[in-house]
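Reviewing the structure listed below.
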Amino acid sequence: DAKTTQPNSMESNEEEPVHLPCNHSTISGTDYIHWYRQLPSQGPEYVIHGLTSNVNNRMASLAIAEDRKSSTLILHRATLRDAAVYYCILRPGSGSARQLTFGSGTQLTVLP
Amino acid sequence: GAVVSQHPSWVICKSGTSVKIECRSLDFQATTMFWYRQFPKQSLMLMATSNEGSKATYEQGVEKDKFLINHASLTLSTLTVTSAHPEDSSFYICSARREGWTGELFFGEGSRLTVL
């Protein structure tokens, strides 16, 4: 499986935007970029995913580099409830029932 | 939205006993479910892939006789930790793949097992 690299931790102030980076230099052409987050003592929660184009949903935005070797998860206004571990994961393309392989993720701390 | 539920959310048992954890997809059919284990301050590690009506596929290093997985219906998979020992204490999480999968995996709330 292609690997992803994320910073171990990041801090943000409440109500400010947060940009969480992810490097995936060995991504293949059919790999989707997924982001999940995990709050303490809970299962992971889906945030967003994309293939080539930038994506927006109610939770976040995903900016994908033109060469797809990196991506950035953008939380537009961080709240205290956004404090979690954020995982950037590559999922093999269509027709695959492959599981998601989790890396170490980024621990986001939101300061009041 | 799709919901995956685990039960129990936490369990404490004595060493040597067996514990069963259930994973249910509440509003969709899941032909494939995955079981993960997570130790404190570590990431999720895939244990096995559970396919409805067939044997589970275990990841390298996971003992299939110790971690029994049954996926007897399209909405239920169970993980039984047999003869549990303190080193089996962990956070167990299941996830389910929805038919016509668009990409998103749905995760349960997790089950915390403590073996005394």
Proximal to chain B - members of residues 104-112 of chain A, heavy-atom separation under 4.5 Å: Ser104(A)
Determine, using the 4.5 Å side-chain heavy-atom cutoff (strictly less than), whether Ile64(A) and Ile48(A) are members of one ILVMFWY cluster. yes
How would you list, by chain and number, every residue that makes a side-chain hydrogen bond (donor to acceptor under 3.5 Å, both in side chains) with Arg112(B), sequence neighbours excluded? none
Min side-chain heavy-atom separation Leu105(B)-Tyr36(A) under 4.5 Å: yes
Give a yes or no on whether Glu66(A) atom CD has more than 12 heavy-atom contacts from other residues, nucleotides or ligands under 6.0 Å away. no
Within a reach of under 6.0 Å around CG of Asp67(A), are more than 12 heavy atoms found that belong to other residues, nucleotides or ligands? yes
Between Val62(B) and Leu113(B), is there shared hydrophobic-cluster membership here, with clusters defined by ILVMFWY side-chain heavy atoms closer than 4.5 Å? yes
State whether the number of non-hydrogen atoms from other residues, nucleotides or ligands found under 6.0 Å of Lys55(B) atom NZ is greater than 12. no
What parts of residues 38-46 of chain A touch chain B if we use heavy atoms and a cut-off under 4.5 Å? Gln38(A), Ser41(A), Gln42(A), Gly43(A), Pro44(A), Tyr46(A)
Hey, quick one: are Leu80(A) and Val47(A) part of the same hydrophobic cluster, counting side-chain heavy atoms closer than 4.5 Å, chains of contacts allowed? yes
Gln38(B), part contacting chain A, at a heavy-atom distance under 4.5 Å: side chain
Minimum heavy-atom separation for Tyr87(A) and Leu44(B), please, with both atom names. OH-CD1, 4.1 Å
State yes or no: do Val55(A) and Leu75(A) share one hydrophobic cluster built from I, L, V, M, F, W and Y residues joined by side-chain heavy-atom distances below 4.5 Å, directly or via other members? yes
When you look at CE of Met45(B), are more than 12 heavy atoms from neighbouring residues, nucleotides or ligands closer to it than 6.0 Å? no
Report yes or no: do Tyr58(B) and Ile21(B) belong to one cluster of Ile/Leu/Val/Met/Phe/Trp/Tyr joined by side chain heavy-atom distances under 4.5 Å? yes
Which residues pass the ring pair (Phe, Tyr, Trp, His ring centres under 6.0 Å) test with Tyr86(A), not counting sequence neighbours? none
